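Counting starts at 1 for both ligands and their atoms, in listed order. Keep in mind that what you see is a predicted model, and the values were worked out from it rather than measured.
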Amino acid sequence: MARKNTTARAPKSGSNSMWGGRYKLGPAEIMERINASIGFDRRLYAQDIAGSLAHADMLVAQGILTAKDGRTIRRGLVKVRDEIEGGRFKFSTRLEDIHMNVESRLAELIGPVAGRLHTARSRNDQVALDVRLWVRDTIDRLEPMLQDLQAALIDRADEHAATIMPGFTHLQTAQPITFGHHLLAYVEMIGRDRSRLADCRARLNQSPLGAAALAGSPHPIDPRHTARALGFDGPMANSLDAVSDRDYVVEFIAAASLAAIHLSRLAEEIVIWCSAPFRFIALSDAFTTGSSIMPQKRNPDAAELTRAKTGRIVGAFVALCTVLKGLPLTYQKDMQEDKEPLFDAADSLELGIAAMTGMVRDLKANPARMRAVAAADYSVATDLADWLVREIGLPFRQAHHVTGTLVGKASDKGIDLDKLSLSEMQAVERRITRDVYRVLTVEASVKARKSLGGTAPANVARAAREARRRFLGRSKGARR
Ligand code: ARG
């Protein structure tokens, strides 16, 4: 990058018409660059204008603004919104941020009466409001997407309630489970993600408007009016807190981080499952890419990228906490740095949810392969030990020891447990009967696990039904 003259004036220098009363000169070019947020906070335009409309209505209702001025301002704000949405609005870096870009255009459209809109308001409560509304809107958009992902998982779980796969601990074959059971585990995780977002929404739903710069306003404002108009539960109790609180951004990104971690774990499993040594599932052309050199490759890029985006989201959490941790009350310009991490985290999560939903619906399971792997590596050894406990009353520790000896024997011979002869088994524990072979299949193993929350196919079919009721039942919808 070419070295810049750091004291050079920005082109079109001149004092800012929004706050330039005592300013004679314009900012240094570098000042303008470090100060401006319009490059990213233009995404707040809808919330900014909604807030201004509510504020103007309140000013009229309180007799602070005449009804005529109120109408003019309202008409102007709607026009500005149309211009932005129609792509006709010219954003200016010189005007720093979305608040001043909107207000400046409003003045061009309706003249000096535009200046009355900012009565009893500051950009400090204005930005706090805009970001709050943006986070709330974003939660309301993500919520049905997460529900959709749950619906995809439940559909597939239903379909695979009896499909046997190996369950792993330490990524070592542990016990047979069903694929449906595995998928429903993610439904629970995402259920908690949804409830964390709902929780964040409930706590953020208070209006900061009326705090003005930090201390409140000498005008006879009614913060309850704007709070109600904007769908908040009420106004914030303390004006200093109202302009300096960014807890809702931290909470949102924290909830987003955990949701992303869940998506990432599922993505990682998809990557593993569709690798050649596993071959548990296949993804279609829709969710894989080829290699430019190896014609046989089908790479699960969407899963890999979902896994990677978790890094950005968790990074956003760390970035924001670091920005906030040393700030004295109340508003500090540092807080402008909340937006890029917030937007990036939300965008990354949204993309990840959509990609995972697509992959869950797309994936084709390979039940024969899953069953073969599930049956290998003595995965029913625990069933043998449980049989010894249940049928001949051995203490579990002793049953474990006997089973271990039998696994050792089978392994020495290179055969499965159920291929040991009855006399070979009785040589280790004489009370074993032919009945034991009944429990030494993967089907018997999963079928037996009927305990609450267990993997038995009948359980899984029921759990899928219950999950539908618990998570997909008529949604309460957005409470705006
Ligand atoms: N662009 C600013 C932000 O995002 C808006 C608030 C600016 N307030 C101020 N007093 N300079 O935080």
- Query: Any idea which of Gln126, Glu96, Lys339 brings a heavy atom closest to atom 4 (O) of ligand 1?
  - Reply: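 Among Gln126, Glu96, Lys339, the closest heavy atom to atom 4 (O) of ligand 1 belongs to Lys339.
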
- Item | Under-4.0 Å salt bridge between Asp199 and Arg203 |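 Yes, this pair counts.
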
- Message: Centre-to-centre under 6.0 Å for Trp134 and Tyr248, is that the case here?
- Response: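 Ring-ring flag for Trp134/Tyr248: false, centres at least 6.0 Å apart.
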
Among all protein heavy atoms, pick the one closest to [atom] and tell me residue, atom and distance.
| atom | value |
| --- | --- |
| atom 12 (O) of ligand 1 | Tyr331 OH, 2.4 Å |
| atom 5 (C) of ligand 1 | Asp97 OD2, 3.5 Å |
| atom 11 (N) of ligand 1 | Arg123 NH2, 3.4 Å |
| atom 10 (N) of ligand 1 | Asn124 OD1, 3.0 Å |
| atom 2 (C) of ligand 1 | Gln336 OE1, 3.2 Å |

- Which atoms from ligand 1 have a heavy atom of Ser37 less than 4.0 Å away?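 The list of qualifying atoms is 1 (N).
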
- Proximal atoms of ligand 1 relative to Val127 (non-hydrogen, under 4.0 Å):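 Contacts of ligand 1 toward Val127, numbered from 1: 3 (C), 4 (O), 5 (C), 6 (C).
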
- Message: Please check whether His99 reaches ligand 1 - meaning an N/O of the residue sits under 3.5 Å from an N/O of the ligand, judged on distance alone.
- Response: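 No - when backbone and side-chain N and O of His99 are compared with those of ligand 1, no distance drops under 3.5 Å.
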
- Task: Check whether any side-chain N or O of Asp125 sits under 3.5 Å from a backbone N or O of Ser122 as a donor-acceptor pair, and report yes or no.
- Result: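 Checked: pair present.
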
- Might you confirm whether atom CZ of Arg196 has over 12 heavy atoms from other residues, nucleotides or ligands at distances under 6.0 Å?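 Yes, because the 6.0 Å sphere around CZ of Arg196 holds more than 12 heavy atoms from other groups.
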
- Message: Atom CZ of residue position Arg224 - does it have more than 12 heavy atoms of other residues, nucleotides or ligands inside 6.0 Å?
- Response: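 No.
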
- Item | Lys/Arg cation over aromatic Phe252: Arg201, 6.0 Å, 45° cone |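 Pair Arg201/Phe252 does not count as cation-pi.
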
- Message: Using a 6.0 Å distance limit plus a 45 degree cone around the ring axis, check whether Arg43 lies over the aromatic ring of Phe343.
- Response: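 The answer is yes; both the distance and angle limits are met.
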
